[in-house]
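Have a look at the structure below before the remarks.
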There are 2 protein chains.
Amino acid sequence: MKSDTWLKELRKQGYRLTEARRAVVETVAQSPRALSPTDVYNLSKEHYPALGLVTVYRTLEKLEELHLVQRVHQEEGCNAYLSEAEGHQHLLICTECKKAVYFEGDDLGDFFGEVGKAHNFVVNEHWLQLFGICKDCKRICD
Amino acid sequence: MKSDTWLKELRKQGYRLTEARRAVVETVAQSPRALSPTDVYNLSKEHYPALGLVTVYRTLEKLEELHLVQRVHQEEGCNAYLSEAEGHQHLLICTECKKAVYFEGDDLGDFFGEVGKAHNFVVNEHWLQLFGICKDCKRICD
DNA sequence: CTCCTTATTGAAAACGGTTTTCATTTAACC
DNA sequence: GGTTAAATGAAAACCGTTTTCAATAAGGAG
Ligand SMILES: [Mn+2]
Ligand SMILES: [Mn+2]
Ligand SMILES: [Zn+2]
Ligand SMILES: [Zn+2]
């Protein structure tokens, strides 16, 4: 279970394992789509009603520091968090149901270097994200 | 001058040309980097001190509707506006001085289609941005 | 040029998401 | 079980953005 790994990692960093943290970690770790702090709050509250929104913010902050989640930018907003992929990967997001999947873009580094050279830049980071309609949503639309 | 084109376009859409609008348009049209509403406000105020921040927001909104500016997402924030390129282009941004230049990425469409196919998605939009250090900033660092 | 109409403006208030403060709780260690 | 400091949630503060509204001025008509 991914959430167990995350909890173990938090513990390893010296953080305490509380009910509130377990609830937040559980919610985010198993979500197929990026969640806003409020999303996380509402979903987690079902398993731990005493949860406070502040704790959601604080927990997401720690998970991001540990590179267990990443912030995802979308048209509708730039404050949603998603379980991070291992290694260097990029996102493909369904604009209908918001499901997110990772893919590798190994071949692109050279192209980006060329672009940089052409403009006298040293390129050392890139953001790439694809948007589309997933199979499930496609079926529903038709 | 780019700002004249923008003013003409605004007029064509039936909007009135005011001192406040001229100041905002002037600032954004000639900026080499994306500017936040507050940036635009502070810079424009020098040419038109009576300017209100609200008008900056309202003018940027209109410029975006007319596709004269585009919103730029960066690590430091997602609410900066930049003169939009004609046609489909992508951004290369200097993380030091924030200077932004556009480049074309024609070759990529096929690759993105393949990625989609592999994950049962129909890809119909992509977001690509490169970050690096521009020649000028490179010189200063060394 | 002068008059009218109404789009536009800036100040102030409202708003909403995020952060800070602080007294209370509780996880972890002995 | 007792101790201690990290963690919590409620409430207040904060801050970027939007709404409200009375005053202003752009631009068309005469
Ligand atoms: Mn890559
Ligand atoms: Mn492209
Ligand atoms: Zn979908
Ligand atoms: Zn630079």
Side-chain angles (χ1 to χ4, degrees), chain A residues 3-4 6-28 34-66 69 71-81, chain B residues 3-4 6-28 34-66 69 71-81:
Chain A
S3 57
D4 291 336
W6 291 13
L7 292 172
K8 216 165 286 174
E9 183 62 26
L10 283 168
R11 195 75 264 283
K12 194 158 84 183
Q13 299 296 322
Y15 294 118
R16 295 179 181 176
L17 298 187
T18 66
E19 275 309 295
R21 267 174 195 164
R22 280 178 218 276
V24 170
V25 164
E26 174 70 26
T27 297
V28 181
L35 301 174
S36 71
T38 310
D39 289 339
V40 174
Y41 176 65
N42 290 326
L43 289 167
S44 305
K45 236 168 146 41
E46 292 181 14
H47 295 90
Y48 182 62
L51 181 65
L53 177 56
V54 207
T55 298
V56 172
Y57 277 96
R58 291 190 277 225
T59 304
L60 288 174
E61 190 180 11
K62 286 178 177 59
L63 293 176
E64 191 179 22
E65 279 169 14
L66 300 180
V69 304
R71 178 189 294 245
V72 176
H73 301 250
Q74 286 165 275
E75 203 58 63
E76 315 84 60
C78 303
N79 295 295
Y81 292 83
Chain B
S3 57
D4 292 335
W6 291 13
L7 292 172
K8 216 165 287 175
E9 182 63 27
L10 282 167
R11 194 77 265 281
K12 196 158 85 184
Q13 299 297 321
Y15 294 118
R16 294 179 182 176
L17 299 188
T18 66
E19 275 308 296
R21 266 175 196 164
R22 281 179 216 276
V24 169
V25 164
E26 174 70 27
T27 297
V28 180
L35 300 174
S36 71
T38 309
D39 289 339
V40 174
Y41 177 64
N42 291 326
L43 290 168
S44 305
K45 235 168 150 35
E46 292 181 15
H47 295 91
Y48 183 61
L51 181 65
L53 179 56
V54 207
T55 298
V56 173
Y57 278 96
R58 292 190 279 224
T59 304
L60 288 174
E61 190 179 12
K62 286 178 177 60
L63 293 176
E64 191 179 21
E65 280 169 14
L66 299 179
V69 304
R71 178 188 295 244
V72 175
H73 300 250
Q74 287 165 272
E75 202 59 64
E76 316 83 61
C78 303
N79 295 295
Y81 292 83

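A, B, ... follow the sequence lines: proteins, then strands. Residue 1 opens every chain. Small disclaimer: the values here were computed from a predicted structure and weren't measured.
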Query raised in the report: When the distance from CD of A:Glu61 to P of C:dT20 is rounded to whole Å, what number comes out?
Result: 8 Å
Report task. Please determine if a side-chain N or O atom of A:Arg21 lies less than 4.0 Å away from the OP1 or OP2 oxygen of D:dA7. Result -> yes
Query raised in the report: Heavy-atom count around A:Glu64 CD within 6.0 Å, excluding the residue itself: above 12?
Result: yes
Query - Distance, rounded to the nearest Å, where A:Tyr15 contributes OH and D:dA5 contributes C1' - result: 15 Å
Query - Nucleotide D:dG27, atom P - distance to CG of B:Leu7 in whole Å - result: 11 Å
Report task. Given side chain to side chain contact (heavy atoms under 4.5 Å, CB included), test A:Tyr48 with A:Arg22 step by step and report yes or no. Result -> CA-CA 9 Å; A:Tyr48 182 62; A:Arg22 280 178 218 276; over 6 Å; no
Query raised in the report: Between the side-chain atoms of B:Arg16 and the base atoms of D:dG28, is any donor-acceptor pair under 3.5 Å?
Result: no
Report summary line: Comparing nearest nucleotides in DNA chain D, the 5'-proximal residue of the pair B:Tyr57, B:Leu17 is B:Tyr57
Query raised in the report: A:Glu64 has an atom CD; how far is it from atom P of C:dT19, in whole Å?
Result: 11 Å
Query raised in the report: Closest nucleotide of DNA chain D for A:Thr59 versus for B:Val54: which of these residues is on the 5' side?
Result: A:Thr59
Query raised in the report: Of all heavy-atom pairs between A:Leu60 and A:Tyr81, which one has the smallest distance, and what is that distance?
Result: CD1-CD1, 3.8 Å
Requested in this report: For D:dT8, take OP1 and OP2 only and decide whether either is under 4.0 Å from a side-chain N or O of A:Thr18.
Outcome: yes
Query raised in the report: For D:dG27, does either OP1 or OP2 sit under 4.0 Å from a side-chain N or O belonging to B:Arg11?
Result: yes
Report summary line: Taken to the nearest whole Å, OH/B:Tyr41 to C1'/C:dA11 is 11 Å
Query - Below 4.0 Å: OP1/OP2 of C:dT18 and any side-chain N or O of A:Asn79 - result: yes
Query - Spacing between A:Leu53 atom CG and C:dT18 atom P, to the nearest angstrom - result: 8 Å
Query raised in the report: D:dT8 P sits how many Å from A:Glu19 CD, rounded?
Result: 11 Å
Report task. Mind checking the CZ-CG spacing from A:Arg58 to A:Leu63? Nearest 0.5 Å is all I need. Result -> 14.0 Å
